[in-house]
Asks: 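Just passing along the structure, written as structure tokens.
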Amino acid sequence: MPVRVRLAPSPTGYFHVGTARTALFNWILAKQDPEGVFILRVEDTDPERNREEWVEAIYAAMAWLGLDYTGPFRQSENAPSHAAALEALRAAGSLYYCDCTPAEVDARKGAGAPPGYDGFCRERGLARSARTALRLRTPDEGVIVVPDLVRGEVAFQASAIDDFVVARSSGEALYALANVVDDRDDRITHVVRGEEHLANAPKQMLLWSALNAATGLEVPPPVFAHLPLLVNEQRKKLSKRRDPVALEMYRDQGYLVGAVLNYLALLGWSPRGEDEIVDMATVVEQFRLEDVAHSPAFFDVRKLTAFNGAYVRALSPEGFAELCRPWVDPGEVPWRPSGYRPAWDEDHYDADLFSRLVPLIQERVARLDEVPAMVDFFFLDAPAHDEAAFDQAVRRDPLGRAVLEAAAGAYGALEGFTAEALHATTLELAGSLGLTLRKAQAPIRCAVTGRLVGPPLFESMALLGRERTRARLAAALARA
RNA sequence: GCCCCCAUCGUCUAGCGGCCUAGGACACCACCCUUUCAAGGUGGCAGCACGGGUUCGAAUCCCGUUGGGGGUGCCA
């Protein structure tokens with residue numbers, strides 16, 4: 001039987017990095033089977049919380065990740081099938097109407113009682129009304145076994161599962177039922193999702209058997225695979241409220257999709273051998289659900305960033321330059337990071353110059369959004385004024401001014417304004433002042449680039465040109 | 001409360017009874033290289049939660065304890 005998997009996100013907020021990992025694992029499974037199918041199904045059955053912009057965010061995220069799928073489908077489109085399933089279950093006696101409000105249930109149980117429905121309406125034989133929800137009659141004893149490829153068989157006490165609601169009083173199916181009906185209709189073979197859904201699995205198993213019994217169908221239920229949760233430093237499930245979970249944010253910060261995918265694959269799984277930097281083809285080749293770890297994984301941005309740096313360095317210079325454009329090119333570009341503000345005017349930007357800068361900066365950034373600050377002094381009339389740096393390297397340094405004066409003179413007399421010549425000359429003037437090159441380059445760097453760290457100084461000055469370099473040395477002298 | 005899951009360096013993990021003196025990666029530290037910063041190289045720090053079993057032998061199997069986490073909606 002060909003693998004049929006799905007991603008079933010709800011459009012209630014940003015596309016979560018955890019959703020991205022779930023998507024990736026599902027996609028991998030489908031890719032491993034020549035006939036595998038990966039479905040994207042947007043679970044939009046809660047009109048209260050859904051927003052169309054979040055639906056778009058799901059599509060955008062999937063497109064960026066490059067995970068191809070069948071669809072997208074909307075759960076709401078399958079409402080007729082949900083209704084038919086509801087009717088079949090009701091006719092078979094698996095369901096009953098309930099008009100209890102949560103407050104009423106709580107009141108009956110008394111303050112401080114454990115949560116859960118008390119079965120009050122189970123035998124009341126209520127008829128449908130505008131305020132009756134439909135509940136599933138669940139078994140009171142026995143165990144429900146959930147087949148799980150990651151964890152083995154997980155057994156649940158039936159007594160701990162109360163009669164849950166499958167349809168709102170409005171008549172619409174709820175997630176619990178809609179999800180199962182859709183998985184049945186889509187002939188899903190593997191339900192791969194986060195561990196927060198593990199507790200739903202026994203309920204869904206119950207629904208599967210009730211549904212098959214009520215409809216006379218014999219669709220085999222899927223096998224489950226509950227992936228370890230992604231957690232924050234406090235070991236809590238990543239939350240949209242306080243953790244940086246929006247996939248979009250990582251794209252905005254200049255994380256490369258390959259690095260993100262690679263890192264995500266390593267959360268709960270690891271490739272054979274010692275190399276952790278692996279391409280998706282390798283992952284598809286080696287991945288097995290049975291090998292997925294059982295314990296929660298901390299989403300470590302520092303490691304992601306280290307991976308990103310490796311991916312950035314592996315780019316061709318041309319590829320790197322192209323990928324940098326959303327951050328550095330004020331003109332027309334394929335897309336923009338949210339909150340983008342041009343770092344310099346369009347008429348100051350020089351794509352050709354930037355491409356010559358690439359070798360100086362590519363191995364120095366781990367994220368693409370670091371690039372503007374690294375090259376701004378080329379595209380700005382005056383370099384950034386980091387006063388603290390200027391104080392340290394020029395004003396407070398007893399020889400700061402002397403170095404700048406010597407450089408201004410020596411650079412003016414240079415025959416060829418090349419990196420090699422600048423290097424040699426600077427070495428010389430440093431020596432005559434009794435300084436090491438390391439010490440002497442600081443005030444010059446600060447005067448020319450505005451900063452204490454940046455791309456190699458002599459190469460930078462050569463590209464900047466004699467006039468602009470000397471003008472900056474003079475300007476710095478005037479400020480010192 | 002109840003149900004369920006989990007437990008190897010700070011973090012992600014390898015390990016599926018002897019190959020473990022517990023391996024790798026990120027982070028951190030030191031040194032080397034060096035025009036700053038990176039990158040790169042070398043080395044280092046650091047872990048099997050605890051207690052019982054089972055076994056000739058346990059990080060690996062079983063039980064318990066402790067500790068984390070998830071779920072417990074007319075949300076998904």
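Chain naming here is simple, since letters A, B, ... match the order of the sequence lines and numbering starts at 1 in each.
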Asks: If the cut-off is 4.0 Å, is A/K439 near the phosphate of B/U36, judged by side-chain N/O to OP1 or OP2?
Replies: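 For A/K439, the contact criterion (side-chain N or O under 4.0 Å from OP1 or OP2 of B/U36) is not met.
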Asks: Would you say a side-chain N or O of A/R235 is under 4.0 Å from OP1 or OP2 of B/G67?
Replies: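 A/R235 to B/G67 OP1/OP2: no side-chain N or O under 4.0 Å.
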Asks: Using the C1' atom in both, what is the distance from B/A22 to B/C48, to the nearest Å?
Replies: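 Approximately 8 Å lies between the C1' atom of B/A22 and that of B/C48.
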Asks: Parallel, tilted or perpendicular, judged at 30° and 60°: which one describes the rings of A/H423 and A/F458?
Replies: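 Correct class here is parallel.
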Asks: Given the C1' atoms of B/C32 and B/G15, what is the spacing between them in whole Å?
Replies: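 Approximately 34 Å lies between the C1' atom of B/C32 and that of B/G15.
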Asks: Has A/R122 got its NZ or CZ under 6.0 Å from the middle of the six-membered ring of A/F120, at an angle within 45 degrees of the ring axis?
Replies: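 Not flagged: A/R122 not positioned over aromatic ring of A/F120.
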Asks: Strictly below 4.0 Å, N to O, side chains only: are A/E87 and A/R90 in salt-bridge contact?
Replies: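 A salt bridge is present here (some side-chain N lies under 4.0 Å from a carboxylate O).
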Asks: Could you measure between the two P atoms, the one in B/C37 and the one in B/C28, and give it in whole Å?
Replies: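 15 Å, rounded to whole Å.
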Asks: When you check the phosphate oxygens OP1 and OP2 of B/A38, does a side-chain N or O of A/R313 lie under 4.0 Å from one of them?
Replies: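 The answer is no; no side-chain N or O of A/R313 sits under 4.0 Å from OP1 or OP2.
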Asks: Per the atom types in the model, does the base of B/C5 pair as donor or acceptor with the side chain of A/R151 at under 3.5 Å?
Replies: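 Side chain to base: no pair present.
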Asks: Determine: side-chain N/O of A/R438 to OP1/OP2 of B/U36, distance under 4.0 Å, yes or no.
Replies: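 Affirmative; the distance criterion is met.
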Asks: Strictly below 4.0 Å: does A/H423 bring a side-chain N or O up to OP1 or OP2 of B/U35?
Replies: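 Answer is yes, contact under 4.0 Å.
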Asks: Should the side chain of A/E233 and the base of B/U11 be counted as holding a donor-acceptor pair, with the cut-off at 3.5 Å?
Replies: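 Answer is no: no donor-acceptor pair is held.
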